[in-house]
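Contents: one structure, followed by commentary.
As the structure lists them, so they are numbered: ligands from 1, and atoms in each ligand from 1.
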Amino acid sequence: MNHLTKKKILHRWNKLKGVPIEWDLAPYYKILMKINEIDLEKASDKKIKERSARLIEQARQGTSLDKLLVEAYALVREAAWRTVGMRPFDVQVIAGIAMHQGKLAEMNTGEGKTLVAVLPAYLNAISGKGVHIHTFNDYLARRDAAWMGPIYEFLGLSVGCIQEGMSQNERKKAYNAGITYSTAKEAGFDFLRDHLCYREKNCVHREFHFVIVDEADSILIDEARIPLVIAGSTEKPETGPGQLVQIAKGLKEDVDFETDEGKRNIYLTPSGLQRVETILEVKNLHAPENLDLLTRLNQALHAEYLLHRDIDYIVRKGKIEIVDEFTGRVVEDRHWPDGLQAAVEAKEKLRLGSGGSILGSITLQHFLEHYSKISGMTATAQSAADELKQFYGLTVVIVPPNRPCIRKDHLDEIFTHNDAKTKALIVEIRRCHETERPVLVGTASVEESEELAAALKKTGISCHVLNAKNDELEAQIIAQAGSPGTVTISTNMAGRGTDIKLGGDKEQERDKVVSLGGLYVIGTNRHESLRVDLQLRGRAGRQGDPGSSRFYTSLEDNLIKRYNIRNLLPKKYHNLKQDEPIENPLVQKEIARGQRIIEGQNFEIRKTLWKYSILVEKHREMTQNRRQEILWDGSNLDFLEDAAPELYSKVKSLMGDKQMHKIEQRITLYAIDQCWTDHIAKIADIREGIHLTSVAGQSPIREFHKIADQEFQQLEHKIDDMILQTFESLPVTEKGVDLDDAGIRGPSSTWTYVITDNQFGLWVGMIQGSNIGATAVAAAAYGPLYILLGLLQRFWKKPKN
Ligand code: ADP
Ligand code: MG
């Protein structure tokens, strides 16, 4: 059977199973052929620019973009060659077509996804509506905008890029460009800021249109549930986390509290509960009036026993800095939810950060829903295809490499204990280093990177350790990881998006490294998500280069211990200790199965979080739509005139029609913002406490939705009350009213940050009890059976339809 037939069969099989992955690229090839027919090689620059101008004209007059695709892509191809010296390969054009169709292209690392994005970006920008390209970090936004900019400009479009710390004007200008590069986070923060504006000219975004998400799995899955938050200053005092942490420190594991297998949840035992109740002098900690206390006690326990210094966070300059579990790096501007953050600060005896109040918040996932079309690219989408379809309606298209990948992915070397693993690692690194073959080692944490570097140094091997907090510096180091004799150690996603060239920047060294077998990637741990492991492997063997990869793992690895994967293994491995690697292929299989189960559990957690947020998100949208309508066209403002007719006509006679309208507008915006701030604080409290009050037999989600709905019903009235109250309490002088004097304006200062919801296994676990991911476990364990069942169901349903 030839390769193509195999792909077709796989494609059909997937379709039958309902798997949202496309392997068969025949429909794209048809379009590609038409693009290839257009010969622009001999056309002058002027001619090409004219053709682009004509295309722009046609798009603005309403010709559908699908009809313009062929010519647009041919033009970009030629323009790219003339400006940046790269002519998109056929496979790149195919990926570009799929992305225009709102799909997600999976292409290996180093296949040139940056260039691919230009094709759909140009096509979708010619209509005059803005196109956003979300990059993995600020540095890449800057790099890609500068790198690809000449192509767009050649074709008559403008390009902009958003960086942290930019002013409102700079942002507005960048968003007004045809194509804007930024991180999803920055675009989301701007969205939140726009919804606090009191003047429409201060809003920076235009209407959301088309977005291309680079490193899509990372943003759309790993980061999707992370809420972006905008806060403003208030003087709300936080009380008591210090005392609660003190109490938590005094408890004993297995006597007063227990943790579950994944170390995600912590529970007080009956005796622990009693102890705490005695110390706190409360009769019943589970009584409704103690809900707040119980919630904060749980946060203190979580902070004390489930979050570890130098693994989950580090303390620097008197502040907690959170380490991202996916990248192993410190993430800036990230907080845990307020209560947990305060508990960790108390644990580390730090001065509590000034608690502002949250003015608005949105998860990346809900933010992305504002775009009318979404597409993306990444090297690792397949294993998340179901989730991508469910949450974003995205189909994954597998695009083959331009040149076949010849990287050798070796089976794992699995050891019974960590010491044996480290020894073997050092021997292996040394063996390669002696021949000058470059090695890139991916670790699970900054701590591990530093320990390994120290151990290597003892044996006389010096290496680059990536622990810079600076993405650009990091990119420069990782770009050199392919130079002969180099050993680079980094946490597993550091430097994502940076190209590793064999030989580094010295072209003449390339052959030497090729003859040594290319870059050798070693992983020192399996990650919770297979995608992250694959990302690491993908650092080697780019564009048909030679290379190899191997993971060194041990049964003492965090992942194995945390999820008790040992229990999946045959009994004889439970207590075995030996220096040689385990040879049994079954162990390999079981670890892979464990990883699948964990992935399934994490999916379940994300789904639960999503279920909780969906209703509140709807409320947010309704409230903010109303707000922005008032901001943009100032309509629907007849409330005050009806509610306080006398005062209304008095102020109006003093201020005149136009001013009166402005006053009404500002008071309404003010009232909406104030009430919304209170509303989300209340909802957050309810959300965090819901598992503690859950009435027997009630589903916490349903209960939560019920309460949230009631709160929302009241919100409308609260806003109206506040409008009226604010208006009536304004001091009226003979000159009329002065809103600034009366303090009717937006927050004096705001700041933005990201809450890390990953730790919210805490919360979800509590809601779901020990049942998290029971279905996922079943699906992973009985995968084939499930598929069969799915198939049967499909056939079953057909006749009825
Ligand atoms: P990815 O994002 O897929 O990992 P990049 O966009 O960083 O890859 O590109 C990797 C390398 O491939 C870059 O050095 C780029 O110059 C090169 N490249 C991409 N497309 C082409 C092309 N069509 N012709 C020549 N070089 C290309
Ligand atoms: Mg890239």
Flag the pair [X] and [Y] as a salt bridge only when some basic side-chain nitrogen lies within less than 4.0 angstrom of an acidic carboxylate oxygen.
{"X": "Asp409", "Y": "Arg407", "answer": "yes"}
{"X": "Asp499", "Y": "Arg539", "answer": "no"}
{"X": "Glu50", "Y": "Arg54", "answer": "no"}

What residue and atom, counting heavy atoms only, is the protein's closest point to [atom], and at what distance?
{"atom": "atom 20 (N) of ligand 1", "answer": "Gln92 NE2, 2.9 Å"}
{"atom": "atom 24 (N) of ligand 1", "answer": "Phe89 CZ, 3.4 Å"}
{"atom": "atom 19 (C) of ligand 1", "answer": "Gly112 CA, 3.5 Å"}
{"atom": "atom 17 (C) of ligand 1", "answer": "Gln543 NE2, 3.8 Å"}
{"atom": "atom 4 (O) of ligand 1", "answer": "Gly110 N, 2.7 Å"}
{"atom": "atom 11 (C) of ligand 1", "answer": "Asp499 OD2, 3.2 Å"}

Mind telling me whether [Y] and [X] have parallel, tilted or perpendicular rings, with 30° and 60° as the class edges?
{"X": "Phe603", "Y": "Phe391", "answer": "perpendicular"}
{"X": "His134", "Y": "Tyr371", "answer": "perpendicular"}
{"X": "His370", "Y": "Phe208", "answer": "tilted"}

Any heavy atom of Thr498 under 4.0 Å from ligand 1? The part involved is neither
With heavy atoms under 4.0 Å as the rule, classify the contact between Trp147 and ligand 1 as side chain, backbone, both or neither.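 Side chain only.
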Could you tell me, atom by atom, which parts of ligand 1 come under 4.0 Å of a heavy atom of [X]?
{"X": "Asn108", "result": "3 (O)"}
{"X": "Lys501", "result": "14 (O)"}
{"X": "Pro88", "result": "23 (N)"}

Under 4.5 Å between any side-chain heavy atoms of Leu155 and Lys49, yes or no? no
Taking the side chain as every heavy atom from C-beta outward, state whether Ser218 and Phe136 have any pair of such atoms under 4.5 Å apart.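 SC-SC contact between Ser218 and Phe136 confirmed.
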Run Thr380 and Gln535 through side chain to side chain donor-acceptor pair (under 3.5 Å) and show every step you take. CA-CA 7 Å; Thr380 46; Gln535 281 284 344; 2.9 Å; yes
Heavy atom of [X] under 4.0 Å from ligand 1?
{"X": "Asn402", "value": "no"}
{"X": "Met107", "value": "no"}
{"X": "Met377", "value": "no"}

Using side chain to side chain contact (heavy atoms under 4.5 Å, CB included), reason through Glu111 and Val116 one step at a time and then give a plain yes or no. CA-CA 9 Å; Glu111 284 297 308; Val116 170; over 6 Å; no
From the candidates Arg77, Arg496, Arg87, the one that places a heavy atom nearest atom 23 (N) of ligand 1: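 Ranked by closest heavy atom to atom 23 (N) of ligand 1, first place is Arg87.
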Would you tell me which option among Thr109, Leu115, Thr114 has the nearest heavy-atom contact to atom 7 (O) of ligand 1? Thr114
Going by distance only, is there an N or O of Met86 that falls short of 3.5 Å from an N or O of ligand 1?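 No - when backbone and side-chain N and O of Met86 are compared with those of ligand 1, no distance drops under 3.5 Å.
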Arg171 side chain to Val204 main-chain N or O, any donor-acceptor pair under 3.5 Å?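 No; judged by distance alone, with no hydrogens or angles, the pair does not exist.
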